[in-house]
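Everything on this sheet refers to the single structure shown next.
Residue numbering restarts at 1 for every chain, and letters A, B, ... go by the order of the sequence lines. Heavy-atom basis, side chains included; hydrogens, waters and symmetry copies ignored.
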Amino acid sequence: MKQLRSIKGTHDILPSESNKWQKLEAIVNEVCEQYGYHEIRNPIFEGTGLFSRSVGEETDIVSKEMYSWEDRDGTSLTLRPELTASVTRSFIQHNLGSQSPIHRLYYIGPLFRRERPQKGRQRQFHQFGIEAFGANNPEQDAEIIAIAWEILSRCGLSDNANLNINSIGSRECRNAYRNALKDYIHPYLNELSETSQHRFNTNPLRILDTKSEKEQAILKDAPKISEYHTQDDSIHFESLIGFLRAMDIPFVINHKLVRGLDYYTRTVFEFNSLKLGAQDALLGGGRYDDLVEALGGKPTPGIGFAAGMERFIIAMEESGLQLKGATPDIYFVCLDERGIASTLNISNKLRRIGLKVVLDPLRRSMKSQLREANKLEAKFALILGETEINDNTVSFKDLEKGIQKTILQSEVINFFDDLTN
RNA sequence: GUGGGUGUAGCUCAGCUGGUUAGAGCACCUGGUUGUGGCCCAGGAGGCCGUGGGUUCAAGUCCCAUCACUCACCCCA
């Protein structure tokens with residue numbers, strides 16, 4: 001039989017890694033709550049239409065990367081390839097907008113895209129992200145970016161990440177700009193790559209972030225989207241820039257930053273890591289003022305970001321982060337079958353006063369058990385053997401200092417209470 | 001989907017131009033007198049050399065195929 005292994009592009013997060021994940025999740029939870037954002041948990045799969053309508057039929061994500069299948073009743077279902085669509089669906093479905101004018105949400109969870117795996121890119125991967133519905137003022141944009149910056153900082157990544165921001169304007173701005181850009185590109189159309197030629201018709205703005213040097217050269221003198229901003233677009237963007245400066249968040253304005261999902265309006269931004277390979281986008285997001293309405297809700301502005309957790313973890317490791325898992329306070333060494341019941345009983349009482357207690361279910365020798373205690377970096381050992389059983393005592397050993405003493409079994413809890421206070 | 005690189009023990013790797021029972025370090029297990037960890041010492045376990053074909057007296061080593069992993073294109077977080 002062929003050896004069982006995880007599916008291509010999926011991976012197991014083993015205990016040696018999971019402490020990093022827990023650390024990252026703890027930072028996300030803490031920072032989001034500090035800003036008044038609350039967690040939302042959505043289903044892993046949704047109706048396929050949700051994503052084609054929000055993310056965009058022509059995007060790569062929808063057109064070639066989704067895991068979709070037909071359910072038994074014939075409806076098309078899809079493993080979620082991103083979360084803004086789900087959160088927005090949820091926002092509309094539960095009519096959250098009428099419960100309060102502002103909704104600030106965050107999420108952590110797995111996503112699925114059928115891409116060729118490489119460093120920082122998996123088929124099942126994880127993102128955390130936030131979404132704020134209801135406010136179209138630039139201070140909301142600033143708050144979103146500030147949260148991103150704060151999380152990056154607490155993960156030790158802010159020194160090695162660049163923030164790029166741009167405004168792709170409102171709908172009327174983009175319509176005008178799209179025409180101007182097409183007029184500019186049209187004479188060079190034959191020199192463009194096949195994908196760019198295709199995008200010329202489907203989504204010409206995407207041509208802007210091509211990596212092809214030849215195409216970049218052609219685009220050098222292309223019109224800038226900022227020249228087509230409406231007055232409100234300009235005010236919004238300028239205000240945001242002022243707010244970012246006020247918060248000392250460093251950024252670069254990148255006129256060519258356009259993002260791959262169709263629902264963005266006005267502010268778009270991206271944090272790129274210097275510590276990653278080709279997949280260097282750590283976190284990206286933007287405003288989506290038309291999305292709620294497009295999915296059938298009342299017109300409601302929104303803005304959010306999503307961050308790649310695998311990429312965060314890699315970048316944190318590259319930055320030299322060493323995280324130790326939790327180590328036991330006490331390793332309970334039991335040397336006699338008659339003592340097992342007492343060992344279990346005392347251990348539970350110790351755990352109830354908040355201590356981490358580990359014991360050996362293999363009935364191994366003293367030497368083996370203490371070696372294990374040492375390996376686990378336990379602070380103390382408790383030893384229960386024949387003599388202790390006869391005396392109703394237990395031996396206490398400080399494994400760092402090597403000091404040992406005998407205490408009555410009835411006094412163990414008090415002893416540790418005193419010791420740890 | 002398209003390229004490049006790599007597949008030998010749990011991990012990191014060695015194995016010269018094909019030649020006996022395939023090695024090291026780390027990790028793991030057990031011991032080093034009655035019940036005491038780290039260091040040290042001794043021993044042990046663990047490999048169909050990714051898989052399938054081929055060439056050869058002989059293949060971990062050469063050839064072909066295939067699969068997997070990986071990096072890059074692409075895409076994005």
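- Shown here, B:G5 forms a base pair with B:C69; the pair counts as Watson-Crick or G-U wobble because both key distances fall under 3.5 Å.
- A donor N or O paired with an acceptor N or O is found under 3.5 Å between the base of B:C76 and the side-chain atoms of A:R311.
- Atom CD of A:E115 and atom P of B:C76 are 8 Å apart (whole Å).
- For A:Y264 and A:Y288, the distance between ring centers is not under 6.0 angstrom.
- Heavy atoms of A:Q369 sit nowhere under 4.0 angstrom from any nucleic acid atom.
- Regarding A:E377, its CD atom lies at a distance of 14 Å from the P atom of B:G38, rounded to whole Å.
- Sequence order on RNA chain B of the closest nucleotides to A:L283 and A:P117 puts A:P117 first from the 5' end.
- Between A:Y228 and A:Y177, the ring center distance clears the sub-6.0 Å criterion.
- Between A:I108 atom CD1 and B:A77 atom P the separation is 18 Å, expressed in whole Å.
- One C1' atom belongs to B:C64, the other to B:C73, and the distance between them is 28 Å to the nearest Å.
- As a whole-Å value, the separation of A:E270 CD from B:C75 P is 13 Å.
- A distance of about 16 Å separates the C1' atoms of B:G60 and B:U17, rounded to the whole Å.
- Side-chain nitrogen and oxygen atoms of A:Q118 include at least one within less than 4.0 Å of the OP1 or OP2 phosphate oxygen of B:A72.
- The shortest distance between the side-chain N/O atoms of A:S368 and the OP1/OP2 oxygens of B:C29 is not below 4.0 Å.
- The only option from A:F415, A:F332, A:F396 that meets the ring-ring contact (aromatic ring centres under 6.0 Å, His included) definition with A:F380 turns out to be A:F396.
- Between the P atoms of B:G50 and B:A9, the separation comes to 8 Å (whole Å).
- Checking B:A77, B:U36, B:C75 against every side-chain atom of A:M366, the shortest atom distance belongs to B:U36.
- Note on A:A306: only backbone sugar-phosphate atoms sit closer than 4.0 angstrom, heavy atoms only; bases stay farther off.
- Only the C1' atoms considered, B:C29 is 7 Å distant from B:A45, to the nearest whole Å.
- For A:K119, no side-chain nitrogen or oxygen approaches OP1 or OP2 of B:A72 to under 4.0 Å.
- With hydrogens and angles ignored, no donor-acceptor pair closer than 3.5 Å exists between the side chain of A:R116 and the base of B:C75.
- Nucleotides B:G18 and B:G1 are separated by 39 Å at their C1' atoms, to the nearest Å.
- A close approach under 4.0 Å does occur between a side-chain nitrogen or oxygen of A:K375 and OP1 or OP2 of B:C29.
- Residue-to-nucleotide contacts include no donor-acceptor pair under 3.5 Å from the side chain of A:R364 to the base of B:G37.
- When every heavy atom of A:Q404 is checked against every heavy atom of A:S395, the shortest pair comes out as NE2-CB, 3.8 Å.
- The base of B:U36 sits with one of its N or O atoms less than 3.5 Å from a complementary donor or acceptor on the side chain of A:K397.
- Pair assignment for B:G43: B:C29, on the basis of Watson-Crick or G-U wobble contacts that are both within less than 3.5 Å.
- We find that CZ of A:F332 is positioned 15 Å from C1' of B:U36, with the value rounded to whole Å.
- The partner of B:A14 is absent, by the rule that a Watson-Crick or G-U pair needs both atom distances under 3.5 Å.
- Nucleotides B:U30 and B:G37 are separated by 16 Å at their C1' atoms, to the nearest Å.
- Side-chain N/O atoms of A:R5 and base N/O atoms of B:C67 include no donor-acceptor pair closer than 3.5 Å.
- The aromatic ring centres of A:Y67 and A:F45 sit 6.0 Å or more apart.
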key: Test log, rule salt bridge (charged side-chain N to carboxylate O under 4.0 Å, His left out), inputs A:R121 and A:E310   = CA-CA 8 Å; A:R121 188 169 77 184; A:E310 280 79 2; over 6 Å; no
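- Relative to the side chain of A:S365, the nucleotides B:A72, B:G31, B:C76 differ in distance, and B:G31 lies closest.
- Among all heavy-atom pairs drawn from A:A161 and A:L282, the shortest one is CB-CD1, 4.2 Å.
- Using a 4.0 Å heavy-atom cutoff across all strands shown, A:G129 reaches no nucleic acid atom at all.
- Rounding to whole angstrom units, NZ of residue A:K64 and P of B:C75 are separated by 7 Å.
- Counting atom types as modelled, A:Q404 pairs a side-chain N or O with a base atom of B:U36 as donor and acceptor under 3.5 Å.
- For B:C62, the paired base is B:G54 (Watson-Crick or G-U wobble, both distances below 3.5 Å).
- Using a 4.0 Å heavy-atom criterion, one finds that A:G402 contacts the bases of the nucleic acid, with or without backbone contacts as well.
- Among the nucleotides B:C75, B:G38, B:C29, the one closest to any side-chain atom of A:E65 is B:C75.
- Among the heavy atoms of the strands lying under 4.0 Å from A:G284 are primed sugar atoms or P, OP1, OP2 only; no base atom is included.
- At B:C74, none of the side-chain N or O atoms of A:R199 fall inside 4.0 Å of OP1 or OP2 (strictly under the cut-off).
- At the heavy-atom level, A:L111 lies nowhere under 4.0 Å from the strands shown.
- For B:G38 and B:U20, the P atoms lie 40 Å apart once the distance is rounded to whole Å.
- The separation of B:G5 from B:G10, taken at their P atoms, amounts to 27 Å, rounded to a whole angstrom.
- A:N348 and A:R351 form a side-chain donor-acceptor contact under 3.5 Å, judged by distance and modelled atom types alone.
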